[in-house]
Amino acid sequence: MSIAEEKTAETKRGWSPLDSLQGLGATVLNFLASAGRLFRFTAQAIYHCFTPPFYPRLLLRQLIDIGYYSLPVVGMTALFTGMVLALQSYTGFSRFSAEGAVATVVVLSVTRELAPVLAGLMVAGRIGASIAAELGTMRVTEQIDALTTLSTNPFKYLVAPRLIAGTLMLPVLVLIADVIGVFGGYLVGVYKLGFAPENYLHKTWEYLTYDDVVSGLWKASAFGFIVTLMGCYNGYNSQRGAQGVGAAVTTAVVSSSILILITNYFLTQLFFAGK
Amino acid sequence: MTAQPKLELKDVTKSFGRNHVLRGVNISIEKGKSLVVIGGSGTGKSVMIKCVLGLLSPDKGSIKVDGVETAGATGKSRDELMKKFGMLFQGGALFDSLPIWENVGFGLMQGKGVSKEEARVVAIEKLRAVGLAPRVADLLPAELSGGMQKRVGLARAIAANPEIIFFDEPTTGLDPIMADVINDLIVETSKGLGATTLSITHDMASARKIADNIAMIYKGEIIWQGDAKDIDHSGNEYVDQFIKGSATGPIKMEV
Ligand SMILES: Nc1ncnc2c1ncn2[C@@H]1O[C@H](COP(=O)(O)OP(=O)(O)OP(=O)(O)O)[C@@H](O)[C@H]1O
Ligand SMILES: [Mg+2]
């Protein structure tokens, strides 16, 4: 066989459908294995949220860290989102003389979609990253092992307070973001676009329903769970020193962001598809 | 009939994928005795201790504490078991968000339900036992030197008066004098508690000082085990090479 022939034979082997099938199989198996691990972790984490011993002091610290200290970031996000929404919808709607809908568009977009999703994403960057880094460092410096040897379950001591705080605090953050977002729209509407204040506020309330706000809060709760879960999962299972912790942080932020967007679609479908 | 060993490992096997770390480890320690396991880096010494502690589960084999099988123990029985153990981690593993005294008193407060005030008193007493002044009690681990952190780790390991204490390389990274101080502390504190100890080291000076018995681990197996005073005439060329620290001999470093 000449060299050229050998080469083609090799290339052919490289392209064999069996090989690519094998690669695909390995990928699928890998994916299923990690999905299984994540599922197991989630089930364990939830179980330990509801069984004693509880650590109220640690929970309080997480509530403050996740709720209170995220306020500036989430507030700024909401303010400018509301403002830009008013501006954009005004320029768009004025093309068909529907400027009157600006206030309604702002309040519905903010409460239903933007406040929960953007708050979720900001918290993924702020909280998800710090949880993954903290737990990851504790893992690689054997502090998590040390907890176990000191008769303390790391799920109860580390994971449960963060999960509970994330799930409870995000709705609170989003409720505040709703108000700030609407206020941002109001500022632009009244001071820049020249709406009459009473008129703008009236339009804001006119079509707003209870469900618009509450659906956003449910979403927020789900996103808070996702962010803290992915932070804990990746940190808890991080490996190989500082590099591993870095990777855990990246994975935590990226995967929780994507999960938030996917979950958001399905929750929206669940809440509003039938209406 | 001989006395029941406090801790007994039989044929303990552990692999990570294709990396066969432990290939059937057998050791036993009598109550109140001190066994030191020596061996090169990466031979699975830490993995062995983690199997005993239940931080890793062995693939095969039996681990008995006071004659009771513990491999695979979970839940309540694992909790009870953990109360008998104290562990000094290779890297110290102090909780860096907690002050020193809470680190030392952690096991007391969490595991045994001792009150904060009482735990603080015990913590300060244990700190004194390892030669640290009460004023370090309120510092954070990051504010201490490596040697002081080792001492705090030691104080934490003995705080709850464990029956079995594990020391994972208690003297690595310390100067010879501090290492000797730590060795003395280990001997003192474990004799004081009447505890059984299992230590790991590649520091021969430390091994000679702490050990009643010495075992050498190589390629995941115990290749020699005997009285500490016999270590210099073990008749085992692996052991001889290790204690001389010579590059030539049957042990080849994989570089
Ligand atoms: N969690 C783990 N996952 C995969 N491999 C591991 C894990 N822990 C340890 N190993 C592997 O097991 C082997 C033994 O590690 P171990 O930490 O027990 O070594 P050691 O004898 O304590 O060495 P040293 O004296 O350097 O501490 C190493 O090859 C290591 O890569
Ligand atoms: Mg080790």
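Below, read A as the first sequence line, B as the second, and so on, with proteins coming before strands; counting in each chain starts at 1. Since the structure is predicted, the reported quantities are computational estimates derived from the model, not experimental observations.
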Chain B contact via A:Leu147 - side chain, backbone, both or neither, heavy atoms under 4.5 Å: both

Region of A:Thr152 in contact with chain B, defined by heavy-atom distances below 4.5 Å: side chain

Interface residue of largest heavy-atom contact number with chain A, from B:Leu94, B:Leu81, B:Asp79, under 4.5 Å: B:Leu94

Leading residue by heavy atom contact count with chain A [cutoff under 4.5 Å; candidates B:Lys83, B:Arg78, B:Lys50]: B:Lys50

Chain A contact via B:Leu108 - which portion, at a heavy-atom distance below 4.5 Å: neither

Toward chain A, the part of B:Leu88 with a non-hydrogen atom under 4.5 Å: neither

Within the 3.5 Å criterion, strictly below it, is a donor on [X] or [Y] matched to an acceptor on the partner's side chain?
X	Y	value
B:Ser62	B:Glu69	yes
B:Asp59	B:Thr13	no
A:Arg139	A:Ser238	no
B:Asn19	B:Lys14	no
B:Ser46	B:Gln90	yes

